[in-house]
Number of protein chains: 2
Amino acid sequence: MDDPDLRRKAETLRAVAHPARLALLRALARGARCVSDLQKILGVSQPSLSQHLQALRRERIVDFCEDGNLRCYYIARPTLISALCGLILREHKVVRRPPEEIRCEGRRRRRG
Amino acid sequence: MDDPDLRRKAETLRAVAHPARLALLRALARGARCVSDLQKILGVSQPSLSQHLQALRRERIVDFCEDGNLRCYYIARPTLISALCGLILREHKVVRRPPEEIRCEGRRRRRG
DNA sequence: TTGACATATTCATATATTCGAATATTCTGA
DNA sequence: TCAGAATATTCGAATATATGAATATGTCAA
């Protein structure tokens with residue numbers, strides 16, 4: 001089972017799954033920004049930021065438009081990213097389910 | 001800027017961002033399953049599956065309870081994971097914003 | 001107690017990611 | 001045309017991740 005669709009989804013997630021890129025998206029969620037502004041906001045080196053932007057561009061998560069010398073980056077998949085950021089940046093409760101409550105769906109069961 | 005909170009969030013995302021683990025979670029979303037059932041469903045080798053489960057356990061994304069010989073895995077953060085899977089497994093439209101529409105939030109602007 | 005099953009761990013290797021340094025490209029203003 | 005700013009690319013080293021093979025552990029049934 002090597003589902004190309006799942007592989008693409010995983011690649012998209014991977015692109016987001018980095019602290020600097022999460023910070024980047026959080027910043028872009030508040031509005032389009034040029035690279036040097038982003039650099040100041042994030043406090044990473046210019047080449048590093050450029051590489052992170054490239055990773056996000058590859059997955060079509062961000063895009064930019066040119067404004068003279070500047071490139072204003074914006075989020076190219078707002079529905080996905082705003083939901084994703086909203087989700088991940090929140091805390092989520094961890095449940096612990098007792099054995100009695102678990103119905104293992106498979107054919108194998110011992111007791112029960 | 002090295003935000004430990006963002007780092008943890010990124011680690012959680014990374015744990016999910018793998019095709020086999022996405023398939024795993026999709027399967028578990030339909031109900032708890034023991035390892036050998038998961039193995040049949042996913043078609044990966046037993047050690048490989050075990051390692052993927054370990055990765056998800058480390059992030060408290062899944063947990064298990066023992067049923068004799070079997071370990072029934074279940075999703076330990078249902079709100080996070082169901083939303084995340086729901087999101088990522090859907091297609092999301094890509095927008096392309098024209099320059100006129102972009103207001104770069106920073107202090108730098110050339111024309112406009 | 002033994003054998004078979006279910007699952008986990010370890011190890012080695014292959015591969016991918018990250019980060020910094022150096023360099024290249026493109027645009028703008030003088 | 002030139003200098004400088006903004007951004008991108010390339011490269012190499014360090015590190016992390018993935019994968020398969022071999023092995024270990026724990027449990028059940030006989």
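Residue numbers start from 1 in every chain, and the chains themselves are labelled A, B, ... in the order their sequence lines are given, proteins ahead of strands.
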Measuring to OP1 and OP2 of [N], would you say a side-chain N or O of [X] lies under 4.0 angstrom away?
X	N	result
B/R57	C/dA8	yes
A/Q54	D/dT9	yes
B/H18	D/dT19	yes
A/S36	D/dT7	yes
A/R21	C/dT18	yes
B/Y73	C/dA8	yes
B/H52	D/dT19	yes
A/R7	D/dA18	no

Main-chain N/O of A/R77 paired to A/R60 side chain as donor or acceptor, under 3.5 Å: no
Residue pair B/L6, A/L89: steps toward the side chain to side chain contact (heavy atoms under 4.5 Å, CB included) verdict: CA-CA 8 Å; B/L6 277 187; A/L89 298 177; 3.7 Å; yes
Could you tell me the separation between the [atom1] atom of [X] and the [atom2] atom of [N], rounded to a whole number of Å?
X	N	atom1	atom2	answer
A/R58	C/dT18	CZ	C1'	12 Å
B/E11	C/dT18	CD	C1'	14 Å
B/Q39	D/dT19	CD	P	15 Å
B/L70	D/dT27	CG	C1'	10 Å
B/E66	D/dT27	CD	C1'	10 Å
A/L49	C/dA21	CG	C1'	17 Å
A/E59	C/dT17	CD	P	10 Å
A/L38	D/dA5	CG	P	20 Å

Side chains of [X] and [Y]: closer than 4.5 Å at any heavy-atom pair?
X	Y	answer
B/L80	B/T12	yes
A/L13	A/L84	yes
B/D63	B/Y74	yes

Check: C/dA6 base within 3.5 Å donor-acceptor of B/Q46 side chain: no
Quick one: which of [options] gets closest to the side chain of [X]?
X	options	value
A/Q51	D/dA8, C/dG20, D/dG20	C/dG20
B/V35	C/dG20, C/dT7, D/dT9	C/dT7
A/N69	D/dA5, D/dT7, D/dG20	D/dA5

A/S50 or A/R14, whichever maps to the more 5' nucleotide of DNA chain D: A/S50
Upstream residue (5' side of DNA chain C) when A/P47 and A/A20 are each assigned their closest nucleotide: A/A20
Stepwise salt bridge (Lys or Arg N to Asp or Glu O under 4.0 Å) test for B/K9 and A/E91: CA-CA 9 Å; B/K9 302 294 168 75; A/E91 294 300 323; 3.5 Å; yes
